[in-house]
Trainee: 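Mind having a look at this structure? Questions to follow.
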Amino acid sequence: MDNNDIEFRKLEHLLVCNYCDVEYKKGTLLEDVELIHSGVSNCDLNDIDTSIELFNKKLGAPLIVAAITGGHSKAKEINKNIAIAVEELNLGMGVGSQRAGIVNDNLIDTYSVVRDYTSTLVIGNLGAVNFIEDNWNEEIIHKSVDMIDADAIAIHFNPLQEAIQPEGDVNFKGVGILKDIISNYKNKYGNIPFIAKQVGEGFSKEDAILLKNMGFDAIDVGGSGGTSWAAVEYYRIKDENHKKFSERFLEWGIPTAASILEVRSVYNKTVIATGGIRSGMDMAKSMVIGADCCGVALPILKAALRSSDEVVKVLEKMIKELKTVMFLMGCDNIDDLKKSRYVIKNELKEWIGNC
């Protein structure tokens with residue numbers, strides 16, 4: 001694919017996400033998680049500790065700005081605004097797929113700008129399919145890590161998006177080569193954490209077993225319920241027959257809450273909850289059922305198109321709500337929250353017997 005095509009596609013993604021309805025209709029199923037109120041509380045709301053340690057970085061809350069963008073000049077300002085905000089609040093952030101920066105050095109600064117404004121946790125991002133289609137190896141990972149001085153690297157899996165995308169890469173056969181590539185990277189460059197990341201379709205427990213065997217240090221479930229990348233690609237399609245075909249898949253995927261349960265049932269390392277996380281309540285529910293940290297993307301993208309102050313406002317609101325939920329549950333800290341009792345209802349309850 002031509003470098004200019006990749007850059008233009010990145011711009012299209014930004015515009016579609018900002019102006020079109022790209023969120024799942026079926027929801028995350030976090031509404032089926034009932035938290036248990038503590039009538040006594042026995043906490044001081046002003047002293048609630050939301051801090052965690054993630055990938056050897058201390059964060060002020062279990063919240064990262066999930067991978068959003070890079071690879072277009074407009075993305076540079078967005079990543080700058082996010083970096084300023086996460087530095088102020090001591091949170092983490094991920095950048096969008098770094099493929100554009102890999103194939104075009106002129107676009108590297110749309111990613112590397114984050115290190116001009118933050119020293120906190122930064123997560124790199126590469127596509128799993130490109131290790132097959134483009135014969136990428138550990139040297140590409142090293143370039144990506146070096147590009148942003150990354151503290152961790154996410155390898156994203158997005159078969160649905162690629163299937164819908166007009167110019168998508170759809171050969172995921174042989175993705176097990178990542179096991180050797182991860183091992184080779186760690187032996188040659190150091191033990192950086194590797195995150196297997198879904199982008200809205202969710203991971204199953206069978207996926208989690210495969211990813212564990214490949215050597216991934218964390219799984220970002222990226223469940224359905226938030227941004228549908230099938231919907232993002234749908235709005236880019238010009239061919240009416242392909243557009244009509246794609247409509248059948250706009251609600252495809254494992255809801256975020258179900259994916260957390262699926263993954264946690266077989267995976268004992270770090271689990272990150274993304275996919276429709278929109279509030280402190282969503283964060284709390286995700287963590288009581290098995291997540292170690294949460295990520296939010298679309299609301300941050302829209303705020304970052306305006307200013308870093310707007311990003312701070314969105315994140316502060318989520319953290320304030322998380323603290324209030326913890327106070328009402330009688331939890332002084334995140335460890336207490338993760339040990340809390342909860343009730344699962346309705347559709348989500350049906351998933352438990354299969355986990």
Trainee: Per the side-chain contact (heavy atoms from CB on, under 4.5 Å) rule, which among Ser279, Pro62, Cys294 passes with Leu322?
Mentor: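 Among the candidates, only Pro62 passes.
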Trainee: Between Ile155 and Gly127, which heavy-atom pair has the shortest distance, and what is it?
Mentor: CG2-C, 4.3 Å
Trainee: State whether Lys76 and Asp109 are salt-bridged, where the test is any N-O pair (Lys NZ or Arg NE/NH1/NH2 against Asp/Glu carboxylate O) under 4.0 Å.
Mentor: yes
Trainee: When rounded to the nearest 0.5 angstrom, what distance separates CZ in Phe194 from CG in Leu178?
Mentor: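 Phe194 CZ to Leu178 CG: 9.0 Å, rounded to 0.5 Å.
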Trainee: Can you sort out the partners of Lys186 under side-chain hydrogen bond (donor to acceptor under 3.5 Å, both in side chains), two or more places apart, ordered by chain and number?
Mentor: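 Partners of Lys186 by the side-chain hydrogen bond (donor to acceptor under 3.5 Å, both in side chains) criterion, ordered by chain and then number, come out as Asn191, Asp217.
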Trainee: Which heavy atom of Val266 sits nearest to which heavy atom of Lys205, and what is that distance?
Mentor: CG2-O, 3.4 Å
Trainee: Any idea which heavy atoms bring Ser51 and Ile334 closest together, and the distance?
Mentor: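 It is O-CG1, 3.8 Å.
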Trainee: With a 6.0 Å cut-off (strictly less than), is the heavy-atom count around NZ of Lys25, excluding the residue itself, greater than 12?
Mentor: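 Enclosed: over 12 neighbouring heavy atoms sit under 6.0 Å from NZ of Lys25.
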Trainee: Inspect the surroundings of CG in Asp239 and state if more than 12 heavy atoms from other residues, nucleotides or ligands are less than 6.0 Å away.
Mentor: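 Enclosed.
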Trainee: Any chance you could lay out the side-chain hydrogen bond (donor to acceptor under 3.5 Å, both in side chains) test for Asp309 and Ser307, step after step, and finish with the verdict?
Mentor: CA-CA 5 Å; Asp309 287 342; Ser307 69; 5.0 Å; no
Trainee: Between the main-chain N or O of Gly71 and the side-chain N or O of Lys10, is there a donor-acceptor pair closer than 3.5 Å?
Mentor: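 It does not hold such a pair.
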Trainee: I want to check something: taking the side chain as every heavy atom from C-beta on, are Lys323 and Ile319 in contact at a cut-off of under 4.5 Å?
Mentor: yes
Trainee: Show the numbers, then the answer: is there a side-chain hydrogen bond (donor to acceptor under 3.5 Å, both in side chains) between Tyr189 and Glu139?
Mentor: CA-CA 9 Å; Tyr189 295 109; Glu139 304 304 324; 2.5 Å; yes
Trainee: Return yes if some donor-acceptor pair links the side-chain N/O of Ser112 with the main-chain N/O of Ile108 below 3.5 Å, else return no.
Mentor: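 Confirmed, Ser112 side chain pairs with Ile108 backbone.
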Trainee: Within the distance-only criterion (no hydrogens, no angle test), does the side chain of Gln198 pair as donor or acceptor with the backbone N or O of Phe157 below 3.5 angstrom?
Mentor: yes
Trainee: Is there a path from Phe131 to Phe172 through hydrophobic residues (I, L, V, M, F, W, Y) whose side chains come within less than 4.5 Å of each other?
Mentor: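 Phe131 does not cluster with Phe172.
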Trainee: What distance separates Ser308 OG from Glu77 CD, expressed to the nearest 0.5 Å?
Mentor: 9.0 Å
Trainee: Show your working on side chain to side chain contact (heavy atoms under 4.5 Å, CB included) between Lys197 and Ile272 and close with a plain yes or no.
Mentor: CA-CA 9 Å; Lys197 176 177 178 56; Ile272 301 171; over 6 Å; no
Trainee: Looking only at atom types and distance, does a side-chain atom of His242 sit under 3.5 Å from a main-chain N or O of Ile164, one as donor and one as acceptor?
Mentor: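 Looks like yes, one N/O pair under 3.5 Å.
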Trainee: First locate atom CD1 of Ile78, then atom CD1 of Ile300, and finally report the distance between them rounded to the nearest 0.5 Å.
Mentor: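 Rounded to the nearest 0.5 Å, the CD1-CD1 separation comes out at 12.0 Å.
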Trainee: One thing to verify: whether Glu310 and Lys313 come together as a salt bridge, which I'm taking to mean a side-chain N less than 4.0 angstrom from a carboxylate O.
Mentor: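 Salt bridge present between Lys313 and Glu310.
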Trainee: Could you tell me whether the side chain of Asp146 and the main chain of His142 form a donor-acceptor pair under 3.5 Å?
Mentor: no
Trainee: Any heavy-atom pair between the side chains of Val288 and Leu337 that's under 4.5 Å?
Mentor: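 Yes; the side chains approach each other to less than 4.5 Å.
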Trainee: Under the 3.5 angstrom rule, does the side chain of Tyr111 hit a backbone N or O of Ser97 as a donor-acceptor pair?
Mentor: yes
Trainee: May I ask you to decide whether Lys26 forms a salt bridge with Glu347, counting only side-chain N to carboxylate O separations under 4.0 Å?
Mentor: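 Looking at Lys26 and Glu347, the cut-off is not met.
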Trainee: At what distance, to the nearest 0.5 angstrom, does CD of Glu247 lie from CG of Leu250?
Mentor: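 It is 6.5 Å, given to the nearest 0.5 Å.
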Trainee: Yes or no on side chain to side chain contact (heavy atoms under 4.5 Å, CB included) for Trp229 and Cys17, after CA distance, side-chain angles and deciding distance?
Mentor: CA-CA 9 Å; Trp229 279 92; Cys17 285; 4.2 Å; yes
Trainee: Is there a donor-acceptor pair closer than 3.5 Å between any side-chain N or O of Glu201 and the backbone N or O of Leu160?
Mentor: yes
Trainee: What distance separates Lys338 NZ from Ile52 CD1, expressed to the nearest 0.5 Å?
Mentor: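 Between atom NZ of Lys338 and atom CD1 of Ile52 there are 7.5 Å.
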Trainee: According to a hydrophobic-cluster definition based on side-chain heavy atoms being under 4.5 Å apart (Ile, Leu, Val, Met, Phe, Trp, Tyr only), do Val129 and Val199 belong together?
Mentor: no
Trainee: Check whether any side-chain heavy atom of Arg236 sits under 4.5 Å from a side-chain heavy atom of Arg9, and report yes or no.
Mentor: yes
Trainee: With hydrophobic residues grouped by side-chain heavy-atom distances under 4.5 Å, do Phe8 and Ile237 end up in a single group?
Mentor: no
Trainee: Could you tell me whether Lys179 atom NZ has more than 12 heavy atoms of other residues or ligands within 6.0 Å of it?
Mentor: no
Trainee: Do the side chains of Lys269 and Asp292 get close enough for a salt bridge, i.e. N-O under 4.0 angstrom?
Mentor: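 Not counted as a salt bridge, because no side-chain N and carboxylate O are separated by less than 4.0 Å.
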Trainee: Measure from the side-chain N and O atoms of Ser228 to the backbone N and O of Tyr24, and report whether any donor-acceptor pair falls under 3.5 Å.
Mentor: no
Trainee: Spell out, as yes or no, whether a donor-acceptor pair under 3.5 Å connects the side chain of Lys143 to the backbone of Ile102.
Mentor: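 Flag set: sc Lys143 to bb Ile102 pair under 3.5 Å.
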Trainee: Are the charged groups of Glu240 and Lys243 less than 4.0 angstrom apart, N to O?
Mentor: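 Answer for the salt bridge query: no.
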Trainee: Hydrophobic clusters here meaning ILVMFWY residues chained together by side-chain heavy-atom distances under 4.5 Å, can you tell me if Ile344 and Ile36 are in one?
Mentor: no
Trainee: Answer yes or no: is there a donor N or O on one side and an acceptor on the other, between the side chain of Asn79 and the main chain of Thr110, under 3.5 Å?
Mentor: yes
Trainee: Please confirm whether Tyr235 and Tyr19 have ring centers closer than 6.0 angstrom.
Mentor: no
Trainee: What distance separates Ile209 CD1 from Tyr267 OH, expressed to the nearest 0.5 Å?
Mentor: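 Output value for this atom pair is 12.5 Å.
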Trainee: For Ile64 and Cys293, work out which heavy atoms get closest and say how close.
Mentor: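 Scanning both residues, the minimum pair turns out to be CG2-SG, 4.2 Å.
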Trainee: Find out whether Tyr117 and Glu87 are in side-chain contact, i.e. whether some heavy atom of one side chain is under 4.5 Å from a heavy atom of the other.
Mentor: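 No - every pair of side-chain heavy atoms lies 4.5 Å or more apart.
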Trainee: Check step by step if salt bridge (Lys or Arg N to Asp or Glu O under 4.0 Å) holds for Asp151 and Arg115.
Mentor: CA-CA 11 Å; Asp151 301 294; Arg115 278 307 185 196; 2.8 Å; yes
Trainee: Assess whether a salt bridge exists between Asp180 and Lys188, defined as any Lys/Arg side-chain N lying under 4.0 Å from an Asp/Glu carboxylate O.
Mentor: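 No salt bridge links Asp180 with Lys188.
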Trainee: Does the side chain to side chain contact (heavy atoms under 4.5 Å, CB included) test come out yes or no for Leu35 and Met281, once each step is laid out?
Mentor: CA-CA 9 Å; Leu35 301 176; Met281 184 75 73; 3.9 Å; yes
Trainee: What pair of heavy atoms forms the shortest contact from Ser38 to Gly330, and how long is it?
Mentor: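 Heavy-atom minimum between the residues: CB-N, 3.9 Å.
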Trainee: What's the shortest heavy-atom distance between Leu59 and Gly92, and which atoms?
Mentor: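 So the minimum-distance heavy-atom pair works out to CD2-N, 4.0 Å.
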Trainee: Go through the steps to decide whether Asp332 and Asp47 satisfy the test side chain to side chain contact (heavy atoms under 4.5 Å, CB included), and finish with yes or no.
Mentor: CA-CA 7 Å; Asp332 280 312; Asp47 288 337; 6.0 Å; no
Trainee: So do the side chains of Ile132 and Lys173 get within less than 4.5 Å of each other, counting heavy atoms only?
Mentor: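 A side-chain contact under 4.5 Å is absent here.
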Trainee: For Asn187, is the CG atom crowded, meaning more than 12 foreign heavy atoms sit under 6.0 Å from it?
Mentor: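 Atom CG in Asn187 is crowded, with more than 12 foreign heavy atoms closer than 6.0 Å.
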Trainee: Consider only side-chain heavy atoms of I, L, V, M, F, W and Y, link residues closer than 4.5 Å, and tell whether Ile82 and Leu11 are in one cluster.
Mentor: no
Trainee: Would you indicate whether Lys345, at its atom NZ, is surrounded by more than 12 heavy atoms from other residues, nucleotides or ligands within a distance under 6.0 Å?
Mentor: yes
